[in-house]
Each structure stands twice: as C-alpha cells, then as structure tokens.
Amino acid sequence: MHSNKSKGLLKCLAIASLGLSLGLSTATSHAAGEKFVMVSHAPDSDSWWNTIKNAIKQAGEDFNVTVDYRNPPNGDLADMARLIEQSAARNYDGLIADIADFSVLQKPLGTVVAKKIMLVTINSGTLAQSEQLKAIMHVGQPEYDAGLGAGKRAKEAGIKSFVCVNHYAMNASSFERCRGFADALGVDFKSSTLDTNGVDPGVIESKVSAYLRSNPKTQAVLALGPDSAPPAMRAVEKMGLKGKMYFASFDLSEEIAKGIKDGSIQFAIDQQPYLQGYIPVAVMAIMKQQKITDLAKVKEILIANPKYQARLAEYGLTPIYGPRHISSGPGFVTKENIAKVEKYAGQYR
C-alpha cells in the first residue's frame, strides 16, 4: 500500500509519458529468454512507481529476461483490468500485478492463472487475496507486521505508551499499522489512535497538541506518513518536546529525513518498493529457467544469487522471507543508513 501523496523521498524523476494510451512502457529490459509483464494501477503522474520500474529493468538484466511495464495512464482501474486481459491474450510467461481493488481485478487475474501464466502479486492487497487468486506469492509490506516491527523497536527503547496519528482512517489497513505498534507495546490500540479526519496540517497539529495535553504521560508518536508527520512534529516542538518525545513515521519525505538526521525522529518505516519489482521477476525467472515449483528451493536459489545480493547490499535493502510470501518491508531508515537512502531516493529507494 502507498499513499499517492507519499511518493518516497525527494520525489525525483518525473515519469516519462507512456505514449499511446494503454500502450507498452519504455521501461523494458531487452534480453533473450522469458518474457514477463507488470501491470500496475498507478497513473503516469505517480512517480512513486519509478523505483519499481527501475527494479524490474535491473532484474530483467540480471536474470536474462524481458520485462514490460503497463499501466492505465489516468489510473483507471477498469483500464487496468483491460490491460491484464490484453496481457493474458499475449501469452506472457508471467504477470506481476498489484491488487488495487480485488473486486475489479479478480476476474482478469483469474484469466491469467487459467491460461497457466505465472502470477505474482505485489504492493496492495492482502496475502489472503493473493492466495485466493492462486498467485505464486505476494511481495509487499503486511501493514500489521510493519506496525508490530516498529513497536518492537520502540519497546526495546523503553516506550510503554504512544499515540498513532492516523490521517487516512477511511483506509481500514491504516488501523493495522496502529494495532501492530500497540500490540508490541501491550496497550489498547483504539485509545492510542488519533483520527485526524484528513490531511489538513493545521487540524493535525492542533489535534496532536490537544491529545498530548490531555495525555501527558504519552511517550511516543507514530505518524502514518508524510501527510501527518510534519504537523505532528510541529506540535511536539511547540510543546518543548522535540528530541524528548520518541517519534517514528511510516514512509519518507524531506522533512522526515531531516528529522531523522537531527535526531528528532528515531526512524521511518520503509516498505522498500524496489523489492516489489525485483523479487517477482527473479522468482518467476528461476521457476521457468530451473523448471521448479518448490518455493523453498526457489528462495534458496534467489538468496544464493550473487547479482541479487549485490543489489541488496548496494541499495541497503532487507527483504523478509516467509514460507510462501516475501515481505518487502518493514525496513527501517535511521540515522545510520539515511545517507544511503537519500543517495538512491526516487531511483532504487
């Protein structure tokens, strides 16, 4: 999952026009061998997906496969469904797609699987939805697990209470982030969650200030992204708590990066989108080239691949390998690794 306003750090690299409506992207790796396609829900204006497009290109080069990228220029999900149907008709060896809306995409993705085309789901959607679609695996960041991982870090630092600043409570999965953090601390997530009723920075700042005044024993603030982090940081600073209040945020922005560097933010939770592009291509290439379906063996081969390991090391990425699915996050951006993240922002991070 990602917010269209949370585009990763520094919003670099404007996406080039894709030319013909619903046409093929130029983000293609040209090589002999298997041919895969990624279909995303992202409109042309969404630069957050640049990192994923760069990842599929590099994975194509590393595993000697061709990878096309297709998307609806205006982000229309009906167009995305048609692109999936068109891709199924082209008989690709494998297809990668995010589950932006299960009800809209279930039928076209079912067509892909029915044609014995390999399917890997990424980014949005749940593990249960991915399995229902009969996808090989899902590569994304489980929101509860991300919140839990962040909460465990806070607990190790001695934190026992927090407020989750939720600026998009209309999205049910946002509460999973708050719930995971609360469970790690062993506190009630509902009483620790502040619904800011949208992204108005003035409203967020005043609501956070009011909460902290009413709950003076609160030790930590968890912001759910760049929309809520800066106004929450301003509230903390005006109350004389900057550097004293434990502060963490999902995703990255220039202000969040600045906070990490000056010590007022302990860490940012990063879903490492590069992995959502690279890993599906690598997994399908290994399955096709090695003629194996055993996911344990596939992951073993992937992890042993020197080109893959070199990419992880260069960009500072840490995937989490499950029995079936691979989590791209949570990764944590701290003062120790912020320089590397900034170096590759908008390209590979």
Side-chain angles (χ1 to χ4, degrees), residues 1-4 7 13-31 33-60 65-126 129-140 273-274 276-285 288 328:
M1 180 182 73
H2 81 284
S3 162
N4 279 344
K7 306 292 190 185
L13 303 174
I15 297 179
S17 168
L18 297 188
L20 293 174
S21 177
L22 308 187
L24 283 177
S25 163
T26 55
T28 303
S29 170
H30 298 289
E34 291 74 25
K35 191 167 185 179
F36 304 137
V37 62
M38 174 181 284
V39 183
S40 89
H41 74 274
D44 289 357
S45 60
D46 191 343
S47 61
W48 187 88
W49 285 77
N50 276 348
T51 297
I52 291 179
K53 291 165 73 175
N54 289 336
I56 64 173
K57 181 177 185 297
Q58 291 190 332
V65 296
T66 301
V67 191
D68 294 327
Y69 177 86
R70 309 190 78 188
N71 69 303
N74 297 315
D76 185 276
L77 289 181
D79 283 350
M80 181 185 180
R82 283 192 289 274
L83 284 171
I84 292 169
E85 290 166 353
Q86 289 171 13
S87 298
R90 290 177 181 229
N91 295 314
Y92 282 95
D93 293 296
L95 183 140
I96 306 157
D98 66 278
I99 315 172
D101 187 320
F102 185 79
S103 61
V104 174
L105 303 178
Q106 182 178 14
K107 185 178 177 183
L109 289 174
T111 303
V112 171
V113 175
K115 293 195 70 173
K116 302 281 192 284
I117 296 170
M118 294 187 296
L119 172 66
V120 174
T121 58
I122 64 166
N123 189 261
S124 47
T126 66
Q129 289 172 337
S130 178
E131 291 175 9
Q132 190 176 335
L133 291 166
K134 295 183 170 59
I136 295 165
M137 67 169 60
H138 184 78
V139 184
Y274 180 91
Q276 298 174 18
Y278 192 102
I279 288 174
V281 174
V283 164
M284 293 194 299
K288 274 286 185 180
S328 66

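Fair warning: this is a prediction, and the values are worked out from it, not measured in the lab.
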- Query: In terms of ring plane angle, is the pair Tyr69 and Trp49 parallel, tilted or perpendicular, where the classes change at 30° and 60°?
  - Reply: tilted

- Query: Do Ile122 and Met38 have side chains that get closer than 4.5 Å, going by heavy atoms?
  - Reply: yes

- Query: Any side-chain heavy atom of Ile96 within less than 4.5 Å of one from Val281?
  - Reply: yes

- How many angstroms lie between atom CD1 of Ile117 and atom OG1 of Thr111, to the nearest 0.5 angstrom? 9.5 Å

- Message: Please check: side-chain N/O of Asn123 versus main-chain N/O of Gln276, any donor-acceptor pairing under 3.5 Å?
- Response: no

- Task: Enter the distance from Asp68:CG to Leu83:CG here, rounded to the nearest 0.5 Å.
- Result: 11.5 Å

- Over all heavy atoms of both residues, which pair between Ser124 and His138 is shortest? Give the atoms and the distance, please. O-CE1, 3.4 Å

- Query: Are a donor atom and an acceptor atom from the side chains of Ser40 and Asn71 found within less than 3.5 Å of each other?
  - Reply: no

- Query: If you look at every heavy atom in Pro72 and Asp79, which pair is closest and at what distance?
  - Reply: CB-CB, 3.6 Å

- Look up atom CG in Asn91 and atom NZ in Lys116, then write down how far apart they are to the nearest 0.5 Å. 13.0 Å

- Task: May I ask you to decide if Asp76's main-chain N or O and Asn74's side chain share a donor-acceptor pair within less than 3.5 Å?
- Result: no

- Measure the shortest side-chain to side-chain distance between Tyr278 and Val139 over non-hydrogen atoms and say whether it is less than 4.5 angstrom. no

- Student check: side-chain heavy atoms of Val112 and Ser87 closer than 4.5 Å: no

- Task: Provide the closest heavy-atom pair for Gly75 versus Pro43 in the form atom of the first, atom of the second, distance.
- Result: N-CB, 3.6 Å

- Task: Take Val104 and Met80 through the side-chain contact (heavy atoms from CB on, under 4.5 Å) test and state the conclusion after the steps.
- Result: CA-CA 9 Å; Val104 174; Met80 181 185 180; over 6 Å; no

- For the pair Asp93 (side chain) and Lys35 (backbone), establish whether a donor and an acceptor sit closer than 3.5 Å, ignoring hydrogens and angles. yes

- Task: Determine whether Lys288 and Val65 make a side-chain contact, defined as any pair of heavy atoms from C-beta on separated by less than 4.5 Å.
- Result: no

- Task: Please round to the nearest 0.5 Å and tell me the distance separating atom CD of Glu131 and atom OG1 of Thr121.
- Result: 9.0 Å

- Message: With heavy-atom distances below 4.5 Å as the criterion, would you say the side chains of Lys115 and Tyr92 are in contact?
- Response: no

- Rounding to 0.5 Å, atoms CZ (Arg82) and CG (Leu77) come to a distance of 11.0 Å

- Taking the side chain as C-beta and beyond, is there a heavy-atom pair between His41 and Asp101 under 4.5 Å? no

- Quick one: pull up CG in Leu95 and CE in Met284 and give me the separation to the nearest 0.5 Å. 7.0 Å

- Under 4.5 Å between any side-chain heavy atoms of Leu105 and Leu133, yes or no? no

